[in-house]
Trainee: 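If you scroll down you'll find the structure; I have some questions about it.
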Amino acid sequence: MKLNIEGLLVYFPYDYIYPEQYSYMLELKRTLDAKGHGVLEMPSGTGKTISLLSLIVAYQRAFPLEVTKLIYCSRTVPEIEKVVEELRKLMEFYSKETGETNNFLALALSSRKNLCIHPEILHANIVVYSYHYLLDPKIADLVSKELAKKSVVVFDEAHNIDNVCIDSMSVNITRRTLDRCQNNVDTLQNTIQKIKETDAAKLREEYRRLVDGLKEASVARETDIYLSNPVLPDEILQEAVPGTIRTAEHFVGFLRRFLEYLKSRLRVQHVVQESTPQFLKDIFDKVCIDRKPLRFCAERLQSLLRTLEIADIADFSAVTLISNFATLVSTYSQGFTIIIEPFEDRTPTIANPVLHFSCMDPSIAIKPVFQRFQSVVITSGTLSPLDIYPRILDFRPVTMASFTMTLARTCLCPLIVGRGNDQVALSSKFETREDFAVIRNYGNLLLEMSAVVPDGIVAFFTSYVYMENIVASWYEQGILENIQRNKLIFIETQDAAETSMALEKYQEACENGRGAILLSVARGKVSEGIDFVHHFGRAVIMFGVPYVYTQSRILKARLEYLRDQFQIRENDFLTFDAMRHAAQCVGRAIRGKTDYGLMIFADKRYARADKRGKLPRWIQEHITDGSLNLTVDETVQLSKHFLRQMAQPFRQEDQLGLSLLTLEQLQSEEMLKKITQIAHQT
Amino acid sequence: MASLSEEVLLVVKKVRQRKQDGTLYLMAERIAWGPEGKDRFTVSHLYADIRCQKISPDGKSKIQLQLVLHTGESTTFHFANESSALKDRDAAKELLQQLLPKFKKKANKELEEKNRMLQEDPVLFQLYKDLVVSQVISAEEFWANRLGGINNTDPGLCDNKQEVGISGAFLADIRPQTDGCNGLRYNLTADIIESIFRTYPAVKQKYSENVPHNLTEKEFWTRFFQSHYFHRDRINTGTQDIFSECAKQDDKGLKSMVSQGVKNPLVDLLSNPDVTVKDSSNSAIIKRFNHHSAMVLAAGSLDQASETSSTDGNSRDSDFFQPPVKKVRLQEAIEYEDLQRENGPKTVALNLKKADRYAHGPVPLQSQQYTTSQDIINSVNYIQHEMANYKPNLTQVLSSTSASSAIAALSPGGVLMQAGAQQAINQMVPPEVQGELKHLYAAAGELLRHFWACFPVNTPFLEEKVMKMKSNLERFQMTKLRPFQDKIQRQYLSTNLTGHLEEMLQTAYSKFHIWQTRRMMRKT
């Protein structure tokens, strides 16, 4: 159908439309009009991607000078492939409706295998790739540097974007890294030696090019041609390369010294935590390395690698990592912390020193993106509470909206199980984690559900260790055996290939009618990347509240930083983080309006307002007072009732006019009024 | 009855049956018992007829073995050899244990099939009642050529039998019971053993390697339940555990399953970066569950495996070409069915079980030609008009004699009207007699069919059969036909009703006599 979104002609490749899709496009258009950033939350399965693509493509066609490019970032390869498929569908619709051949160029970068190095990327109208291509400074520099300012950037499934930002800026250094780095440096030295004997002029040329290169970058940044690299701070561009690392041999010698210093730091017996200025002072005191040459380290190494014409940069990943670390540590006095741990907490007898150079401020990595591009849209099915993202990513959105899912029938059923049948409070909190009664009641819940839910059940645990312990305990108590009478059991493991196989078998078992249970982990690969549509997930059970492992020093440092810099209380952040993961997990079951599923929160803490209130609106509004503190038996009764209702035939006519609109229905005055209420502004 | 070709698997002497001493024979297809000093069997059961065997508890003074048949009858053998009674009984029991399951399936399938046929076909059921229940012919004879025919004409029905899957919890069903003195007892049935074998081929291999050369069956299973392999969470203690290899093989199997990769790209987690693998103490249990479930799933769909692999085995090797499976999956994943206009109602493929019934089924009502009252009045008027104007053509008429003979022939009872008498049976005879007559016809037809099928009589078996069939026919005449004839006579109905039946029987008898006299002549 052809839509009129506030005067913009939008081709939408379907015969019907959901009201919230219309509303979503409306908000999106306002964001683009204002040339600002937006945060939009819309439930998965309501056709978010196609709404986004339809509107932005229409916008590009209508205002080719205002928006030149759409940069669509998603997380995983399958997600990227899905976006491309939707885009293909849209393009087919365009050429069918307009009769023109498609002159749009879209490009997808999924992995190194399909990496496109053709300059076409600069001319493509739409680029679809992974977050890392934009956020990870090492990759962004290669791929995204030259993208035009007048681009619209979309981060889909962005509920974890802060963690991606932090990971892309953090560096972990182990003994192994240092050893490999040592080898790299030796190789560099040998290569330099060889070149010196054969072609000394090349090295002199190199030096000249290095200075030029930095000048070029400086010009580019002033004239706004490039996306800035957070690793390459502005100051470097104006200053000359310090004499200590000016020649290749000096630089290699410098690297050796730095390496030796790091090795000595790893020879610790106790945990050390220090700020970047402290680290710089220490390195100056111990080995007389100044801050200035450190800052040039990354750039200097890139230049050297170019000069030596080294083809396989992957071999030099260790030395690249170390030089990036050198530059970062000397550039940012805030937002980073250095933690050196001599061993892992769980294995205090095995020496395994790690130097964590940990970024605590996600805004550092994403800052260039917000600065450079005129519109950045952050969207996901679960972004609640909306206001926290602008705070931790440090930007000012022009629109923030959360959309509900209009439903002709209530196809999701969130239930909070707080007690076992024996009135034992169910919770995964630390104090009762090992409690036999809780584990037994959890097992009982799963057993009872396995008897009433058809086809697939997915259960999530708060962590892998927790799952292992519970599985072992259930095994001993014979609970798993009883569950096997009803369904087959598959379990996520830490091995990706094994889990893939388990997943496929799980789907096979759902498909052939035997029914299966998948035991999985929140924050794991399954919880983030796999959808359980229709019979693949008729119920999701979330055992416990998936708090992050709070004893980690890195997390503690980050919490402290959030408190000091953003005035976000530790508990607020932890709850926010736990609830977004819980919402991700339970949201896996509902992938559309024809789908249906139970969402079972098995922890009494979910009933509290501070937890419940952080769930996405589209889940929250279906939690009634009657479903707050259920026993296992009550849950089973409610589930049976719900499933029986959902099993009735559900046809398109049932939805029409309520949660599904024809063009005529959409244009009615009354409906337009209703639609404005769907978007919940914050 | 005992044909020499039968292979005798076990002979046990001094076995009593109904307080008579005798010898028990276990043969390839049946179990038989004959009293001492006589060379014939008074008891003989096909294995297929046996539902189960029961043995007397260990402590009892009489050592017995009871066979329960599908018909509900049972036969008890008492092993009376003082020195080796227990050993004898166990030998017989174990052999039966191995033999019975082989026949069980066949028997069950046949029984089911017979049951189904009888239920679906009331005429056949009546025939069965008339012939088998009243012991005119034996059940075996009754089914002899019926089942074969069914299997041949309708092969799809039997070949497409669904393979029965395995319960996911079959291991849980093996509940150990304490035997009172610090021991555990596991009850294994043939089904459970089969489940174990199908799910864990490695165990089956061990079984065939070790039983019965190295271990008895009992020892094998005892070791199985003691093994680390069965209790995956226990620490491996015994070094001579024969199942330690199985665990390794399972691991290998799991690895190969994993290395095969997944066909659905949407569940392929390998495409995501950062893989961290850490092993932990409980990972064995988790692996075991994944393996177990996968094997159970695979065992349930063995025959489908080839099918799916052929459809999915498309061009996985080429990197440049997007595999169709992937494309389809992606398209499925992005599809919003409710946003699209439904393109026509979804149809279900028609699966005809009885195509001929479909073809010759009720015919739709044809639009009938109705005549209006006006038409009728018109035609009456027309006929009246014709009759009024009728002028006989007297030169062309028949002579009066031939005319009257024609009228006689066409009157009821006349030469040309004999068929009319047949029709009258409907009115002449009460419905219950009609029904009875029908049954008689059906039964006689069945018997005659058997009888005539024996000709030409060229084997001893057929000879025997033809003799038997003849006596069957005679018995039928005596026990069924005669009473019926008496009955209709009492009711003063025409005895002519059974004339045709008698005629058919007589024809058969005369055929039999001719054959018999010829045979006698040949013999003399």
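Numbered from 1 within each chain, the chains take letters A, B, ... in sequence-line order. Keep in mind that what you see is a predicted model, and the values were worked out from it rather than measured.
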Trainee: Indicate the ring-plane relationship of B:Y336 and A:Y18, choosing parallel, tilted or perpendicular according to the 30° and 60° boundaries.
Mentor: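 The rings of B:Y336 and A:Y18 stand perpendicular, inter-plane angle above 60°.
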Trainee: I need the residue from A:I50, A:T493, A:L480, A:V465 with the largest number of non-hydrogen atom pairs under 4.5 Å to chain B.
Mentor: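 When all of A:I50, A:T493, A:L480, A:V465 are compared, A:L480 has the most.
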Trainee: Name the region of A:E86, side chain, backbone, both or neither, that has any atom closer than 4.5 Å to a heavy atom of chain B.
Mentor: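 Both parts, heavy atoms under 4.5 Å.
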Trainee: Does any heavy atom of chain B fall under 4.5 Å from the side chain of A:K89, the backbone, both, or neither of them?
Mentor: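 Side chain only.
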Trainee: Could you tell me if B:K206 sits above the aromatic ring of B:F220, with its cationic atom closer than 6.0 Å to the ring centre and no more than 45 degrees from the axis?
Mentor: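 No - B:K206 does not lie over the ring of B:F220 by the 6.0 Å and 45° rule.
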Trainee: Tell me, for A:Q21 versus chain B, whether the close heavy atoms (under 4.5 Å) come from the side chain, the backbone, both or neither.
Mentor: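 Contact with chain B: side chain only.
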Trainee: Is chain B contacted by the side chain of A:L660, its backbone, both, or neither, given a heavy-atom distance below 4.5 Å?
Mentor: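 Just its side chain gets close to chain B.
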Trainee: Report yes or no: do A:D136 and A:S168 form a side-chain donor-acceptor pair below 3.5 Å?
Mentor: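 The criterion, which ignores hydrogens and geometry beyond distance, is not satisfied for A:S168 and A:D136.
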Trainee: For chain B, which of A:V83, A:N486, A:V526, A:I530 has the most heavy-atom pairs under 4.5 Å?
Mentor: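 The answer is A:I530.
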Trainee: Residues in salt bridge (charged side-chain N to carboxylate O under 4.0 Å, His left out) with A:D595, at least two apart?
Mentor: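 A:D595 satisfies salt bridge (charged side-chain N to carboxylate O under 4.0 Å, His left out) with A:R538 once adjacent residues are dropped.
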Trainee: Tell me every residue that passes salt bridge (charged side-chain N to carboxylate O under 4.0 Å, His left out) with A:E498, counting only those two or more places apart in sequence or in another chain.
Mentor: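 With neighbours one apart ignored, the set is empty.
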Trainee: Which one wins on heavy-atom pair count under 4.5 Å against chain B: A:A516, A:A502, A:G47, A:P13?
Mentor: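 Counting heavy-atom pairs under 4.5 Å, the top option is A:G47.
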Trainee: Sort A:F650 into side chain, backbone, both or neither according to what part of it lies under 4.5 angstrom from a heavy atom of chain B.
Mentor: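 For A:F650, neither part sits under 4.5 Å from chain B.
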Trainee: Highest number of heavy-atom pairs under 4.5 Å with chain B: which of A:Q484, A:Q507, A:K593?
Mentor: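 If we count pairs closer than 4.5 Å to chain B, A:Q484 comes out on top.
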Trainee: Look at the rings of B:F224 and B:W221 and say which category their plane angle falls in: under 30° parallel, 30 to 60° tilted, over 60° perpendicular.
Mentor: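 Taking B:W221 first and then B:F224, their aromatic rings stand perpendicular (interplane angle over 60°).
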Trainee: Take a 6.0 Å sphere around NZ of B:K204 and say whether it holds more than 12 heavy atoms from other residues, nucleotides or ligands.
Mentor: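 Not more than 12 within 6.0 Å, no.
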Trainee: What residue, out of A:L503, A:T499, A:I491, has the most heavy-atom pairs lying under 4.5 Å from chain B?
Mentor: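 Sorted descending by pairs with chain B, the first entry is A:I491.
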